[in-house]
Number of protein chains: 2
Amino acid sequence: MLAFNWNARHAESNAISKVTTGDPDRLRLTDTIVDTFVLIMNVVDSRRLDPMNDGARMAVSLQDVANAAGVSIATASRALGNKGRVSEATMRLVRETADRLGYQVNTLGKALREGSDGVVGIVVPMVSNPFYASLVHEFEDHLAKFDLKMLIADSHGELDREIERLEALASRRVRGIFVVPAYFDESRPTIMDISRQLPVVQVDRRVENDEALSFVGIDNAGGIDQVLRHVSEQGAETVAFVGADDRTSVGRERRQAFAASVASLGLTAQKPVIDRYLFEFGLSAASQLMRRSKLPDAVIAGDDLIATGLLAGFVRRGRAVPEDVLITGFDGTILADICSPTLTTVRQPMAEIAEAAVTQLMRQIDDADSAGSHIRLRTTLRPGDSTGAATSGSRRRRG
Amino acid sequence: MLAFNWNARHAESNAISKVTTGDPDRLRLTDTIVDTFVLIMNVVDSRRLDPMNDGARMAVSLQDVANAAGVSIATASRALGNKGRVSEATMRLVRETADRLGYQVNTLGKALREGSDGVVGIVVPMVSNPFYASLVHEFEDHLAKFDLKMLIADSHGELDREIERLEALASRRVRGIFVVPAYFDESRPTIMDISRQLPVVQVDRRVENDEALSFVGIDNAGGIDQVLRHVSEQGAETVAFVGADDRTSVGRERRQAFAASVASLGLTAQKPVIDRYLFEFGLSAASQLMRRSKLPDAVIAGDDLIATGLLAGFVRRGRAVPEDVLITGFDGTILADICSPTLTTVRQPMAEIAEAAVTQLMRQIDDADSAGSHIRLRTTLRPGDSTGAATSGSRRRRG
DNA sequence: CTGAAAGCGCTTACAG
DNA sequence: CTGAAAGCGCTTACAG
């Protein structure tokens with residue numbers, strides 16, 4: 001009955017393209033790539049199985065605790081919150097009562113009274129990008145030290161979604177917001193607006209004219225220079241940049257840094273290939289590069305996703321890395337370890353970015369006027385086999 | 001001055017192990033692996049740069065809007081909320097006033113009045129695991145259709161943290177919670193507790209004796225069978241399982257399914273290697289397997305992280321995949337595409353998992369008694385080069 | 001159609 | 001040390 005409803009509801013949506021019935025084990029191998037699956041459902045009447053369930057879902061309030069303990073709600077609040085003078089005895093009484101009743105503070109009431117709750121928001125372009133996934137992870141860790149919870153929002157790199165998310169966070173009166181702006185220009189107005197209402201720290205990417213905003217990111221120019229110096233030492237003379245467009249600050253900084261460093265190092269640059277931070281783009285960029293009369297000695301990717309796409313693209317088309325072409329990434333995600341050959345990349349100090357950004361946000365929470373601090377952290381080169389550098393061993397020991 | 005404070009505060013923590021000064025460009029290559037970086041800070045006095053900033057951070061309330069529009073707060077609420085009868089004229093007046101004042105509803109007040117706000121929580125073991133990152137991404141998408149925001153919490157696969165996060169979510173009176181339990185046994189008590197207070201749906205993993213709880217996941221036995229059948233067709237006779245322990249439902253289901261399918265397919269199983277879902281474990285498991293008298297024909301990994309670790313481990317030690325040994329993954333993350341050779345893996349229908357879980361949660365929100373529904377979705381085999389199967393082409397067209 | 005009032009759950013001056 | 005009361009911002013019966 002419930003199962004029937006469920007299927008009916010979903011028959012209307014096209015997310016489930018096809019429902020196959022029959023013995024699951026009999027699904028032929030030829031079906032495997034097709035987006036087909038079987039539902040196995042057991043619907044259980046929870047009323048029978050869980051006698052505790054009836055009458056449940058009735059949250060116990062502080063008033064309930066106070067009544068049960070025979071004290072005023074004010075005293076109950078103080079006893080639980082460890083605020084003001086409360087006698088040892090009542091303190092214990094209230095706490096025991098609260099435990100017995102399974103009391104849990106309603107953060108909504110508390111937050112309303114106090115103006116904000118212990119939540120900060122973070123808006124990232126795409127949590128499924130390993131770099132942002134790790135960043136979010138680090139932020140969560142550092143925020144926990146301040147007893148702050150994190151509300152994560154994914155803008156999908158779209159302006160509309162970003163605006164919606166930022167406003168939702170603001171209306172929720174979060175303590176502050178970390179944001180990786182979707183765009184260098186178009187993201188600015190909303191972020192400026194929001195920053196007038198609550199503490200905002202830009203992370204990784206910035207918007208234009210952001211002197212009044214805070215920012216924590218990395219020295220992209222330094223990172224690109226590290227990697228170009230490295231391929232140069234590995235013997236590369238012609239290099240090509242495969243990165244993202246100028247719509248994000250990171251895209252433009254890395255692209256411009258590439259041009260600058262190539263010039264100062266005396267390398268020859270081929271025409272860059274520019275699109276988005278996607279594995280698929282790296283794949284297609286490899287094809288584009290192979291159609292050129294001459295492959296560059298080294299390809300500098302704008303991030304690890306593109307780099308792994310390039311790697312796969314070249315290898316699938318019969319080119320050897322690093323023998324035929326050197327490849328480098330950027331970010332230092334797990335992807336760099338996973339490829340084979342391992343990827344030479346530029347490591348971002350993610351834990352330190354998170355720590356610096358959290359510290360900055362805390363400062364802005366304490367003092368609204370302390371925005372406008374721009375922090376850039378140093379990257380480190382992580383040599384891998386994709387440039388013919390030993391991951392461990394000689395190069396490292398030399399230091 | 002601010003910069004100085006910042007450094008001082010951080011000198012106490014050990015997150016910044018060393019601060020190098022001097023020309024960033026002069027950092028020697030030998031330093032690259034070391035956790036060292038330079039801070040580049042510009043601190044700007046935002047009071048000078050942003051004249052709008054003073055007097056800011058004063059949120060405008062509904063009362064403010066009502067006053068400015070010359071109506072009661074009740075009318076203002078109705079006008080903005082589109083509830084009850086309001087004249088066309090006052091409706092417009094109130095809305096214009098609200099816009100002019102930059103009014104944004106305070107979700108805290110609204111939620112307190114209404115009992116809950118439009119937020120659901122999701123607790124995952126590790127957002128930086130690409131599988132969970134993608135899952136979270138899909139959940140966010142599907143929840144948006146119901147105007148629900150998502151509070152993401154990362155349990156790090158630790159029980160203490162999981163309990164803390166679940167309670168924080170509950171005290172925030174979220175509408176419901178999705179949880180990927182850290183453990184099959186130890187996670188049960190808290191999850192049962194919480195499920196008595198608000199709708200809970202287990203995702204991916206379950207706890208023991210969860211008949212009264214809902215669950216949305218995949219048919220792990222079917223997935224393992226798909227992959228074993230596949231390597232068998234590719235000629236494998238001896239197989240080894242490298243997966244996670246029985247502390248999670250997924251770990252035990254896949255391990256048990258392996259034993260069962262091996263028997264029914266007439267394959268020979270080597271002793272399994274069991275630990276955690278980590279790339280590093282896959283790496284070390286490869287070494288362990290190579291110390292055996294005979295390498296198995298195929299290694300079935302418990303997930304893609306382990307599989308990519310195995311792949312890297314074998315390749316680094318001079319074994320060829322798939323020539324010397326076949327390797328398969330599980331989950332169908334981006335990692336499978338990125339490796340080279342591409343990884344044969346079992347794809348989880350992530351969008352459908354998210355859709356089914358969200359649907360189930362919505363049902364539980366509407367009807368507290370509708371928990372206890374267990375849904376398992378079908379996986380699909382995704383053949384890659386790690387088992388000598390073409391990624392695209394003949395095999396697919398045959399269907 | 002509109003307003004005065006109550007109340008969601010909590011904390012914190014203010015009196016005692 | 002403890003309690004009565006106000007109030008955070010909002011919505012919704014209840015009267016008009």
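Everything quoted here is computed from the prediction, not taken from an experiment. Here is how names work: the chains are called A, B, and so on, in the same order as the sequence lines, proteins then strands, and each is numbered from 1.
In the set D:dG3, C:dC10, C:dC8, D:dG3 carries the atom at the smallest distance from any side-chain atom of A:Arg78. If you check D:dC10, C:dC10, D:dT12 against the side chain of B:Glu114, the one that comes closest is D:dT12. Ranking C:dC10, C:dA4, D:dA4 by closeness to the A:Ala74 side chain, first place goes to D:dA4. Listed candidates were D:dC1, D:dC10, C:dC10. Nearest to the side chain of A:Ser87 is D:dC1.
As rounded to whole Å, 9 Å separates atom C1' of D:dG9 from atom CZ of A:Arg173. A straight line from CZ of B:Arg172 to P of C:dC10 spans 13 Å, rounded to a whole angstrom. We find that NZ of A:Lys110 is positioned 10 Å from P of C:dC10, with the value rounded to whole Å. The distance between atom CD1 of B:Ile73 and atom P of D:dG9, rounded to the nearest whole Å, is 9 Å. In this entry the distance linking CE of B:Met91 with C1' of C:dT2 reads 15 Å, nearest Å. The NZ atom of B:Lys83 sits 17 Å away from the C1' atom of C:dT2 (whole-angstrom rounding). To the nearest angstrom, P of C:dC8 lies 19 Å from CD of A:Gln104. The distance from atom CG of A:Leu80 to atom P of D:dT2 is 14 Å, rounded to the nearest whole Å.
Between A:Arg161 and B:Asp141 there is a salt bridge, with a side-chain nitrogen of the basic residue lying less than 4.0 Å from a carboxylate oxygen of the acidic one. With salt bridges taken as basic N to acidic carboxylate O contacts below 4.0 Å, none links B:Asp185 and B:Arg188. Of the charged side-chain nitrogens involved, none lies within less than 4.0 Å of a carboxylate oxygen, so that A:Lys110 and A:Asp117 do not count as a salt-bridged pair. Ion pairing of B:Glu355 with B:Lys145 is absent here, as no side-chain N (NZ or NE/NH1/NH2) approaches a carboxylate O to less than 4.0 Å.
Judged by distance alone, the side chains of A:Ser370 and A:Gln364 never bring a donor and an acceptor atom under 3.5 Å apart.
Across the C1' atoms, D:dG16 and D:dT12 are found 16 Å apart, a figure rounded to whole Å.
Each of B:Val71 and A:Gln63 lies near DNA chain C, and the nucleotide nearest B:Val71 is the one positioned closer to the 5' end.
Regarding contacts with the backbone of D:dT2, every side-chain N or O of A:Thr75 stays at 4.0 angstrom or more from both OP1 and OP2. At D:dC1, none of the side-chain N or O atoms of A:Thr90 fall inside 4.0 Å of OP1 or OP2 (strictly under the cut-off). An OP1 or OP2 oxygen of C:dC8 is reached within less than 4.0 angstrom by no side-chain nitrogen or oxygen of A:Ser61. Phosphate contact (OP1/OP2 of C:dT12, side-chain N/O of A:Ser77, threshold under 4.0 Å): absent.
Between the side chain of A:Arg173 and the main chain of A:Ala170, a donor-acceptor pair closer than 3.5 Å is present.
Using a 4.0 Å heavy-atom distance criterion, A:Leu62 is classed as a base contact. Using a 4.0 Å heavy-atom criterion, one finds that A:Leu112 contacts the bases of the nucleic acid, with or without backbone contacts as well.
Using Watson-Crick or G-U wobble geometry with both donor-acceptor distances under 3.5 Å, C:dA13 finds no partner in any strand shown.
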